[in-house]
Visitor: 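Encoded as C-alpha cells, here's the structure I'll be asking about.
All chains are named by letter (A, B, ...) in the order of the sequence lines, taking the proteins before the strands, and each is independently numbered beginning at 1. The figures that follow rest on heavy atoms only: side chains count, while hydrogens, waters and symmetry mates do not.
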Amino acid sequence: MKLYNTLSRKKELFEPLEPPFVGMYVCGPTVYNDPHIGNARPAVFFDVLYRYLQFLGYKVRYVRNITDVGHLTDDSDRGEDKIAKKAKLEQVEPMQIVNKYTNRYLAVMDKLNVLRPDIAPTATGHILEQIEFTQRILNENLAYVTNGSVYFDVHAYQQKYQYGELSGRILDELLANTRELDGQEEKRNPADFALWKKATPEHIMRWNSPWGEGFPGWHLECTVMSTKYLGTQFDIHGGGMDLMFPHHECEIAQARAANKGKPPVKYWLHNNMVTVNGQKMGKSLGNFITLEELLTGTHPLLQQAYSPMTIRFFILQAHYRSTLDFSNEALLAAQKAYKRLINGLRIVKKMQYPESQTTNLNEKAEGEIKQYLDTLFKAMNDDLNTALAIAQLFNLLKKINQFYLNPTQITAISQETFATMQYVFVTFIEQILGIQEENTAEVTKLIEALLHFYKEAKETKDYAKVDKIRAYFKENKLIIKDLKTGIDWAYDEA
RNA sequence: GGUCAAGUGGCCGAGCGGCUAGGCACGGGUCUGCAAAACCCUUUACAGCGGUUCGACUCCGCUCUUGACCUCCA
C-alpha cells in the first residue's frame, strides 16, 4: 500500500517499522464545543485507514487524544485557556465542560460508526509526563525559563536540527512575517513556542510544576502522549491539514529535541479541509455547522436532516486530500447513492448461485467483474482512494442488480467469481468502509410481515389494498418491488 | 505580502500522456393492473494562452480565478 507522506510530499510504500505492528496517532478534538462537520472528516478517514490496515493483517494500535486543556483561543483572549474561558461563560467547572463535550463527541462518532481508538488519552491525564518532557528539553538546552513559563528555543534547535521540515517553512521567513502578539516579550524569539505556561491569577486550570503553577503548552500533549503509547518512533501520525503548521511542526521539534534528533514519525498524513457552499467554514462566516445540526437538519443552510451513514458515505466519496464541499445538493445526491448501495447490499446477501448444471459462462462478464474487484483494492492501496473504490462498488452493483432481475444469468460467471464478488462486496462496505444499513433486525421483520399482506392482496387482485400498503411503505421511505421473480422491498432513494 | 494547493460536463467528484470513472439530475425505452425500483440506450467535460510531443484534460511556462496555511482551529 502506498500513502502520501507530507514529509516527502510523495506517495511512499507503506512499511511499518516493526511489522506486523502499526502505531498510529491522530489529533483528536478540543472538547470545548459541539463537534462540527470538520471534526467528522479526519475521524471517518482515519477510521477507514485503521480498518483497512487491520483488513490487510496489521496489528494496529490506534491512539487518538482528547485535548481538554491548553489551547489558546484568539487574540482577544490571549493566553487564556479555551476550556477555562468556556467554563467562565457557562459558570461551571472546567472538567464539567470537558466531560460534556467529550461525551457528545464520542456519541456522534458512534453514530457515524467510527470505531473507538485503542487508547484515547487526555491532556489533563498526562500533566506529569508533560512536565517531565519539558524538563528533558530543558536538559538539552533547547528550552529556557522566563517568568515561570518555559519556551522552546527554536533558534538553538535550528543549530542542531532542521526546523520546518514538515511544512516547508524557512525560519527566517517566519520571523519576518510574525505579527505582534502580547506575551512575546517573554520569548527570546517570536518563533519560540510555549512548553509550559505560567497561570495568571484568574486562570482556573492550573497545576504545580518546577517552574510554578501553570499549564502545559499547546503542542506538548501530542508529543508526550504519542511517544508514551507508541514509542519514540512510530509509523503514522494524522490530522487535519491546518495542523501541519505550527502544531505538527512543533511536535517534531519537541520530539527530536528530547530524543537526540530522532524523528518521531515515519508517515505524516493530512486530510484536507471541509468547505460549506464553497467557503471555508468559520464561526464568523455564519456557516459553521455542527454534526448535531446536520443530523437534525436544524441549521438555516440545510434543507433537511441527513443520516449518519449519508454523511459517512459523503465523506468517503471524495479523496481525503481534496477539499470537500458541503451543500444540500451534494448531500442529497450522496443520500440517494447511499441508499442505492445499501439496497444492493441487502440483495447480494440473499443471492445464491444456482444449483443447475447448465452454465453459460460469459468471458466478458467474468472479466469485467474481476476487473472491478481488482481495481477496488488497487484504489485502496493507492493512498486510500475511497472515491475510486466506491466507483467500483457501483460498477459491481450494476452487475448484481442484473443478476437479481434475472437469476439464471448468474451462471454467466463462475461460482468462484460469484462467491468472491459476494464476499468482497459485503466485507468492503461493512468492514472496511464502515457503512451499514440504518435499520434494526426487528424493523426488518415487521417490514417482511407487512409485505406478506401485500402479496396476499396482490394474489386476490385487491388493488385498492395493494395501493394502500404501497402508499404506507412510501410514507415510511420504503418501496415495494414487483419483480418477475417475486416481490421484494427496498429503501426509497428519494 | 510570503508559502502551498486547486480550477473536469447541469451539480458533486475520481483519473490518466493515446483506451467508459462513479454518484445525482435530464431525455428515450423494457417491465407493470397503474406505479416504483431495477435494467438497457442517449446527451452535456477537462479555466485561458503558449510550449514539449506522433499525440495532452493529463508534462512545462505565463495569465486569470478560487481555496488553504502563515494566528486557536480537524
Visitor: What's the gap between A25(B) and U44(B) when it is taken at their C1' atoms, as a whole Å value?
Guide: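 12 Å, rounded to whole Å.
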Visitor: Select base, sugar-phosphate, or nothing to describe what Lys399(A) touches, counting heavy atoms under 4.0 Å on all strands.
Guide: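 No contact.
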Visitor: Any N or O donor-acceptor pair linking the side chain of Arg169(A) to the base of C4(B) at under 3.5 Å?
Guide: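 In this structure, the two groups form no donor-acceptor pair.
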Visitor: Can you give the dot-bracket line for RNA chain B, using ( ) for pairs inside the strand, [ ] for pairs that cross earlier ones, | for pairs with another strand and . for unpaired bases, where Watson-Crick and G-U count if both distances are under 3.5 Å?
Guide: (((((((..(((.....[...)))..((((.......)))).....(((((..]....))))))))))))....
Visitor: Between CG of Asp47(A) and CG of Leu433(A), what distance do you get to the nearest 0.5 Å?
Guide: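 So the gap between those two atoms works out to 10.0 Å.
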Visitor: For Lys336(A), which contact category applies under a 4.0 Å heavy-atom criterion: base, sugar-phosphate, or nothing?
Guide: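 Sugar-phosphate only.
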Visitor: Taking the six-membered ring for Trp and the single ring otherwise, decide whether the centroids of Phe314(A) and Phe326(A) are under 6.0 Å apart.
Guide: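 Distance test on ring centres: under 6.0 Å, yes.
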Visitor: Could you work out the separation of C62(B) and G2(B) based on their P atoms and round it to a whole Å?
Guide: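 Per the computed distance, 14 Å lies between those P atoms.
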Visitor: Could you tell me how far apart Gln409(A) (CD) and C31(B) (P) are, to the nearest whole angstrom?
Guide: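 Those two atoms, CD and P, are 17 Å apart.
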Visitor: Side chain to side chain contact (heavy atoms under 4.5 Å, CB included) for Ile435(A) and Tyr338(A)? Distances and angles first, verdict last.
Guide: CA-CA 9 Å; Ile435(A) 290 170; Tyr338(A) 158 69; 3.6 Å; yes
Visitor: Have a look at Val26(A) and say if it touches a base, only the backbone sugar-phosphate, or nothing, with a 4.0 Å heavy-atom cut-off.
Guide: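 Contact class for Val26(A): none.
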Visitor: Can you name the residues that form a ring-ring contact (aromatic ring centres under 6.0 Å, His included) with Tyr50(A), not counting sequence neighbours?
Guide: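 With sequence neighbours excluded, Tyr50(A) shows a ring-ring contact (aromatic ring centres under 6.0 Å, His included) to Tyr62(A), given in chain and number order.
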Visitor: Round to a whole Å and report the spacing from CZ of Phe313(A) to P of G23(B).
Guide: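 Result: 9 Å.
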Visitor: So, Thr460(A) versus Glu456(A): side-chain donor-acceptor pair below 3.5 Å or not?
Guide: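 On atom types as modelled, these side chains do not qualify, holding no pair under 3.5 Å.
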Visitor: With His319(A), which of Thr386(A), Leu388(A), Asp383(A), Leu384(A) fulfils side-chain contact (heavy atoms from CB on, under 4.5 Å)?
Guide: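 Single side-chain contact (heavy atoms from CB on, under 4.5 Å) partner of His319(A) among Thr386(A), Leu388(A), Asp383(A), Leu384(A): Asp383(A).
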Visitor: Applying ring pair (Phe, Tyr, Trp, His ring centres under 6.0 Å) to His248(A) and His219(A), what does each step give before you reach the verdict?
Guide: CA-CA 8 Å; His248(A) 291 159; His219(A) 312 299; 9.3 Å; no
Visitor: Hey, do the aromatic rings of Phe193(A) and Tyr151(A) have their centres closer than 6.0 Å?
Guide: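 No, the ring of Phe193(A) stays outside the 6.0 Å limit from the ring of Tyr151(A), centre to centre.
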Visitor: Rounding to the closest angstrom, what is the interatomic distance between C24(B) and A56(B) at atom P?
Guide: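 Here C24(B) and A56(B) have their P atoms 34 Å from each other.
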Visitor: Using the salt bridge (Lys or Arg N to Asp or Glu O under 4.0 Å) criterion, which residues pair with Lys349(A)? Sequence neighbours excluded.
Guide: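 Once residues adjacent in sequence are excluded, the partners of Lys349(A) under the salt bridge (Lys or Arg N to Asp or Glu O under 4.0 Å) criterion are Glu430(A).
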Visitor: Apply ring-ring contact (aromatic ring centres under 6.0 Å, His included) to Phe46(A) and list each qualifying residue two or more places apart in sequence or on a separate chain.
Guide: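 Once residues adjacent in sequence are excluded, Phe46(A) has no partner under the ring-ring contact (aromatic ring centres under 6.0 Å, His included) criterion.
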Visitor: Describe the nucleic acid contact of Ile480(A) in one word from base, sugar-phosphate, nothing, applying a heavy-atom distance below 4.0 Å.
Guide: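 Base contact.
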Visitor: Kindly give the atom pairs (protein nitrogen or oxygen, nucleotide nitrogen or oxygen) under 3.5 Å for nucleotides 57-60 of chain B.
Guide:
none

Visitor: Determine, for nucleotides 12-22 of chain B in 5'-to-3' order, which nucleotides have protein heavy atoms under 4.0 Å from the base (write B), from only the sugar-phosphate (write S), or from neither (write -).
Guide: SSSS-----BS
Visitor: Below 3.5 Å, does any donor atom in the side chain of Asp482(A) face an acceptor in the base of A35(B), or the other way round?
Guide: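 Such a pair is found, so the answer is yes.
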Visitor: In whole angstrom, what separates Asp492(A)'s CG from A35(B)'s C1'?
Guide: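 Spelled out: CG on Asp492(A) to C1' on A35(B) is 12 Å.
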Visitor: Atom NZ of Lys481(A) and atom C1' of C39(B): how far apart are they, to the nearest Å?
Guide: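 In whole Å, C39(B) C1' lies 10 Å from Lys481(A) NZ.
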Visitor: Given C34(B), C39(B), C11(B), which nucleotide is nearest the side-chain atoms of Glu329(A)?
Guide: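 Closest nucleotide among those given: C11(B).
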Visitor: What is the distance, to the nearest angstrom, from the CE atom on Met273(A) to the P atom on A6(B)?
Guide: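 Those two atoms, CE and P, are 15 Å apart.
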Visitor: Compare side-chain N and O positions of Asn401(A) against OP1 and OP2 of C39(B) and report whether any pair is under 4.0 Å apart.
Guide: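 Yes.
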Visitor: Which value, rounded to the nearest 0.5 Å, describes the distance between Leu53(A) atom CG and Met1(A) atom CE?
Guide: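 Separation between the atoms: 4.5 Å.
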Visitor: Under a plain distance cut-off of 3.5 Å, with no hydrogens placed, do Glu251(A) and His247(A) share a side-chain donor-acceptor pair?
Guide: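 The answer is yes; a qualifying pair exists.
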Visitor: What is the separation between atom CG on Asn33(A) and atom C1' on C72(B), rounded to the nearest whole Å?
Guide: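 Interatomic distance, CG of Asn33(A) to C1' of C72(B): 12 Å.
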Visitor: When the aromatic ring centroids of His237(A) and Tyr267(A) are compared, is their separation below 6.0 Å?
Guide: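 No; Tyr267(A) has its ring centre 6.0 Å or more from that of His237(A).
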Visitor: How long is the line joining CE of Met109(A) and P of A74(B), in whole Å?
Guide: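 These atoms are roughly 11 Å apart.
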Visitor: Let's see if you can work this out: which of A37(B), A74(B), A35(B) has an atom nearest to the side-chain heavy atoms of Leu243(A)?
Guide: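 Ranking A37(B), A74(B), A35(B) by closest atom to the Leu243(A) side chain puts A74(B) first.
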